Novice: 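Have a look at this one before I ask anything.
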Amino acid sequence: MRREGSPFQGLSTVFVKELADHISSIRMLMLEFLVVFTALAALYEAINSLRQTTAEDPFLLLRLFTIDRAPLPSFVAILGFLIPLMAIGLGFDAINGEHNRRTLSRILAQPIYRDALLLGKFLAALATIGISLAALWLLVIGLGLIFLGVPPGGEEIARSLVFLVVAICYAGVWLSLAMLLSTVFRSAATAALVSLGVWLFLTVLWPMLAPAVAQVIAPADPRYALLGLNDPVTAVWTQELLRLSPNDLFGEAMLAVLSPTTRTLGPVFLDQLRGAVMGAPLPFRESVMIAWPQTVGLIAGTIVLFAFGYVLFQRQEVRA
Amino acid sequence: MTDQSSESRGTAPDPVIAARGLTRRYGATAVVDAIDFDIARGEVFGLLGPNGAGKTTTILMMLGLTENSSGEIRVLGFDPAREPLKVKRRVGYLPDAVGFYDQLTATENLAYTAKLMGLARAERARLIEAALLRVGLADVASKRVATFSRGMRQRLGLAEIIMKRAEIAILDEPTSGLDPQATLEFLGLIGELKAEGITVLLSSHMLDQVQRICDRVALFKAGRIVLMGAVPDLAVKVLGAGFVVEVEAEGPGIARRLALIPGVTQVETLAVDRFRMTAERDVRADAARAVVAVDGALRRLSVDEPSLEAIYARYFQTTSTGDIRHAA
């Protein structure tokens with residue numbers, strides 16, 4: 001039997017309230033400081049190195065995002081690290097916080113469905129991250145204009161906008177995970193710790209573990225080792241395993257979009273490269289096509305995790 | 001006086017809430033076990049019972065916040081599990097130990113729920129102000145809720161129900177944890193709701209308060225309603241009589257004389273000059289006459305209203321020894 005009324009009734013109210021809460025919260029302020037300062041440090045290094053080397057690069061602006069100079073990683077790499085932190089910071093107490101404040105039953109006694117509450121909270125947190133990232137994006141473009149003195153081309157802007165969209169999808173995965181865990185665990189501290197644990201595992205440990213696991217699944221043929229080459233089967237397995245981490249998907253998509261010379265993200269055989277003009281940039285469309293599967297992976301991850309959280313929340317008892 | 005059928009089944013002429021065989025199971029255990037009741041419009045109905053007896057679960061089923069395993073419940077003619085929005089638009093709920101967003105002010109907290117209720121923008125400010133005034137929070141309307149005491153939070157919760165212009169107010173343990181003064185004020189506010197014709201459903205384990213304001217009560221025990229009706233009726237049924245009159249008087253043969261008064265079922269001699277009579281009606285006048293008739297010196301004459309506490313204690317005492325099974 002269909003339930004009466006729209007599941008989205010009250011959605012905009014929840015969204016606006018949560019957005020206002022996030023934007024005015026000290027937590028968000030701290031996260032923004034963290035992101036802006038580390039990102040500025042990375043940008044500063046990038047600008048310095050770009051000024052010294054060359055201004056002949058047709059994609060000078062994009063180099064701002066990707067260039068890294070020891071000891072600092074590139075701007076994109078830093079964001080790949082910090083976006084999950086922001087998303088977890090905004091999502092880890094979404095549901096259990098309402099439980100613990102004892103506001104949940106009072107809010108759900110109003111004429112709305114639980115859908116509106118969960119989706120409103122998700123969208124508000126995502127919008128908060130989106131606003132921060134957009135501000136950061138403008139900052140990068142602005143600084144690039146001031147210090148490099150080269151106006152960005154249309155394609156550069158388009159590529160950096162794709163970066164923005166993929167970054168928001170990436171944030172969505174972590175946000176869904178944090179909200180799922182905030183539904184599972186009644187204590188906000190437990191939810192935060194588990195989210196951070198998953199995040200650390202996937203960003204720090206998994207890149208080390210994946211090659212080892214790949215070795216176990218498909219041991220390298222010793223004949224390749226004799227020739228000083230990697231076994232392609234093991235290499236493919238390693239990459240597939242790595243792709244289980246959203247961090248890796250984000251990195252690959254960014255590589256494809258922000259470095260226009262990227263032709264493929266997987267291992268290739270030499271004969272596949274026949275006829276290719278090495279070092280020539282791909283058209284915008286082609287780069288997006290290369291990043292597309294990764295982006296879809298991120299979106300799918302978001303939806304799957306959100307769906308789990310949704311089912312759990314619908315079945316949860318509201319009494320404290 | 002309610003008729004006999006309303007005691008056993010609770011049939012009311014215009015029920016706003018009706019439950020038939022309402023059951024909620026968690027695994028094999030039934031938290032609410034096939035209960036039946038009707039609540040009439042404008043009535044103050046009390047749900048009583050020890051913690052874990054199924055009161056809150058029953059309330060949550062009325063709001064569609066928990067689904068019933070079997071049986072039926074209708075609130076204002078709707079099934080809360082299927083049409084929760086229609087029910088929740090017209091029913092106000094004050095949960096046990098209600099919480100608010102601490103970083104927001106009282107007005108902002110109410111504004112949020114007002115928006116969720118779908119109240120028009122023009123109405124909102126006016127309704128919020130009026131509701132805060134009613135519960136006596138007008139002067140702290142722009143203070144953060146973080147600074148509020150328990151009693152103020154409860155009153156803010158009630159303001160939400162008033163703002164909603166609910167037809168039914170469901171209050172779960174509204175006075176637990178309040179100091180006596182705050183409790184009295186809160187009970188006064190509930191009385192005002194009743195005077196406006198709002199049906200009030202109240203769960204509590206504070207028996208004297210429930211007795212003070214409820215028209216009818218239902219006594220819960222292990223998921224079942226074991227007793228239901230108006231307090232005086234229950235007193236007659238469980239205690240065997242409604243009134244306990246204590247007489248302090250000196251004189252010869254007073255005890256014998258008191259026992260002769262019609263309606264008196266028992267006379268206990270507590271001391272040489274103190275007697276306790278159990279009666280079906282208020283027999284103070286007759287008792288005074290009786291004492292005077294034997295030329296005794298009457299010093300004190302007091303009547304104990306039938307107390308819910310006595311009913312409760314007696315009922316659970318007798319059922320545990322197995323004297324009475326179900327009253328219904």
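Chain naming here is simple, since letters A, B, ... match the order of the sequence lines and numbering starts at 1 in each. Treat the numbers as computed from the prediction; the structure is a model and nothing was measured.
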Novice: Give, as side chain, backbone, both or neither, the part of B:Glu108 having an atom under 4.5 angstrom from any heavy atom of chain A.
Specialist: neither
Novice: Looking at A:Leu108, is its backbone amide N or carbonyl O close enough to the side chain of B:Lys88 to form a donor-acceptor pair, meaning the two atoms are under 3.5 Å apart?
Specialist: yes
Novice: Would you say CZ of A:Phe201 has more than 12 non-hydrogen atoms from neighbouring residues, nucleotides or ligands within 6.0 angstrom?
Specialist: yes
Novice: Can you tell which part of A:Asn100 gets under 4.5 Å to a heavy atom of chain B, answering side chain, backbone, both or neither?
Specialist: neither
Novice: Return the CD1 to NZ distance between A:Ile112 and B:Lys115, rounded to the nearest 0.5 Å.
Specialist: 13.0 Å
Novice: With side chains defined as the heavy atoms from C-beta onward, is the minimum distance between A:Arg101 and B:Asp102 less than 4.5 Å?
Specialist: no
Novice: Check whether B:Leu104 gets within reach of chain A through its side chain, its backbone, both or neither, counting any heavy atom under 4.5 Å.
Specialist: side chain
Novice: Looking at chain B, which one of A:Ile107, A:Leu11, A:Asp21, A:Val16 has the largest number of heavy-atom pairs inside 4.5 Å, strictly under?
Specialist: A:Ile107
Novice: Closer than 3.5 angstrom, by distance alone: can the side chain of A:Arg102 be matched with the main-chain N or O of B:Pro95 as a donor-acceptor pair?
Specialist: no
Novice: Does atom CG of A:Leu138 have more than 12 heavy-atom neighbours from other groups under 6.0 Å away?
Specialist: yes
Novice: Pick one of side chain, backbone, both or neither for B:Lys164, based on which atoms fall under 4.5 Å of a heavy atom in chain A.
Specialist: side chain
Novice: List the atom of A:Glu317, the atom of B:Thr66, and the distance in Å for their closest heavy-atom pair.
Specialist: OE1-OG1, 3.3 Å
Novice: For B:Leu65, which atoms come within 4.5 Å of any heavy atom of chain A: side chain, backbone, both, or neither?
Specialist: both
Novice: Got more than 12 heavy atoms from elsewhere within 6.0 Å of CD, B:Glu129?
Specialist: no
Novice: So, does A:Arg106 use its side chain to make a donor-acceptor pair with the main chain of B:Gly99 at under 3.5 Å?
Specialist: yes
Novice: Measure the spacing between OG1 of A:Thr103 and CG of B:Asn109 and express it to the nearest 0.5 Å.
Specialist: 9.0 Å
Novice: Is it the case that atom CZ in B:Arg134 sees more than 12 heavy atoms from other parts of the structure closer than 6.0 Å?
Specialist: yes
Novice: Between B:Glu67 and chain A, which part of the residue has a heavy atom less than 4.5 Å away: side chain, backbone, both or neither?
Specialist: neither
Novice: Nearest 0.5 Å, please: how far is CG in B:Leu85 from OG in A:Ser6?
Specialist: 8.5 Å
Novice: Any heavy-atom pair between the side chains of A:Glu98 and B:Tyr101 that's under 4.5 Å?
Specialist: yes
Novice: How far apart are the closest heavy atoms of B:Leu116 and A:Pro111, and which atoms are they?
Specialist: O-CG, 3.9 Å
Novice: Looking at B:Asp172, B:Val91, B:Ile170, B:Val98, which makes the most heavy-atom pairs under 4.5 Å with chain A?
Specialist: B:Val98
Novice: Please flag which part of B:Tyr26 lies under 4.5 Å from any non-hydrogen atom of chain A: side chain, backbone, both or neither.
Specialist: side chain
